[in-house]
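To start, the structure itself, in structure tokens.
The shown structure was predicted, so the numbers you read here are calculated from the model rather than taken from an experiment. One-based numbering, in listed order, for ligands and for the atoms of each.
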Amino acid sequence: MNNVLRTLVFNGQVSLTVIDGTEIVKEGAKLHNLTPAASYVFGKALCVMTYMSACLKEESGEISLSLKGNGTGGEIAVSGNRALRIRGYIENTDLVGCEDCETERCALGDNGSLTIIRDDGYNRPFIGACAVPGFGGVDEAFEEYYRISEQLPTRIKSGVEFGENNEVVFAGAVVLQPLPFASDDTLDKVYETDLDELLSLIKTLGVEGVAEKFDCDKQVWDSRKASYRCNCSKHYLSRVLVSLGEDALREIIREDGAARIHCHYCNTDYEFTGEDADKIFAHKKKD
Ligand SMILES: [Zn+2]
């Protein structure tokens, strides 16, 4: 089922994106064996990254984020592409909620920064960054990023909810981004919109139902499917090993029995033996 809906609202002056990220966050939490607190913070970043990926214009486009501060969550990294395959990791998979303040604040800490790398597939990638504001959490960090780095007054609300057994039962995001020609009246409407309510309505109405609450432009109705998918493979990683050089790779295999690579994004271990090295470099010699 499609879980990302983009359209224009408020007389075509504002782009609206509604995301049901439940399956994405469930998969990420399962792959990394995350605590509920870690699932919460990481899940919000996954949902916002789904939005950023849906904004990519080029087929070959890729976007990555790194949220890093001195908080208890450690680094959070998430990547996505135009095909809406989202993947990532949170450094502290055992993160526990904080009693005294919001879990998000503790996880992100102070002096944090948000870095975005967008690669459209040609030329040099675009790199933007902002300091994570000393209030709020993931959503506020991204709003700040859009304000500072892209000069777009964007409103973002993401959320992750848990069931009785602390399992993820819902995750999603709602984003309103005025286009550059939006009028002041329209901007007022954007700020008056209750994003919490819309986010909650995804559970009963679905992403399309939430968009239909608005007087939206059905000519611009982009309905798509996003999923948690890593793009690693043994073949892909063998190309990384080629860059090590044959002598260095064979040395590692001789010493350790095999060369091991861990993919942080999907928590998968890959092992390369002497036989694999034969294949990798036999192929290379033919080229
Ligand atoms: Zn992977």
Q.
For residues 121-145, which residue pairs pass the salt bridge (Lys or Arg N to Asp or Glu O under 4.0 Å) check, not counting sequence neighbours?
A. K44-D139, E144-R147

Q. Any donor-acceptor pair under 3.5 Å linking the side chain of T154 with the backbone of Y146?
A. no

Q: Could you check whether the rings of H32 and F42 sit parallel, tilted or perpendicular, using 30° and 60° as the cut-offs?
A: perpendicular

Q. Among side-chain atoms of R87 and N231, is any donor-acceptor pair under 3.5 angstrom?
A. yes

Quick one: side chains of residues 18-31, donor-acceptor pairs under 3.5 Å with protein atoms, not counting sequence neighbours, listed by atom name and distance.
unit_1 : atom_1 : unit_2 : atom_2 : d
D20    : OD1    : T22    : N      : 3.1
D20    : OD1    : T22    : OG1    : 2.5
T22    : OG1    : A171   : N      : 3.2
T22    : OG1    : A171   : O      : 3.4

Q: May I have all residue pairs that pass ring pair (Phe, Tyr, Trp, His ring centres under 6.0 Å) and include part of residues 239-279, sequence neighbours excluded?
A: Y89-H264, Y89-Y265, H262-H264

Q | Contacts of the Zn ion (ligand 1) with protein N/O/S atoms, counting only those under 2.8 Å | A | C230 SG, C232 SG, C263 SG, C266 SG

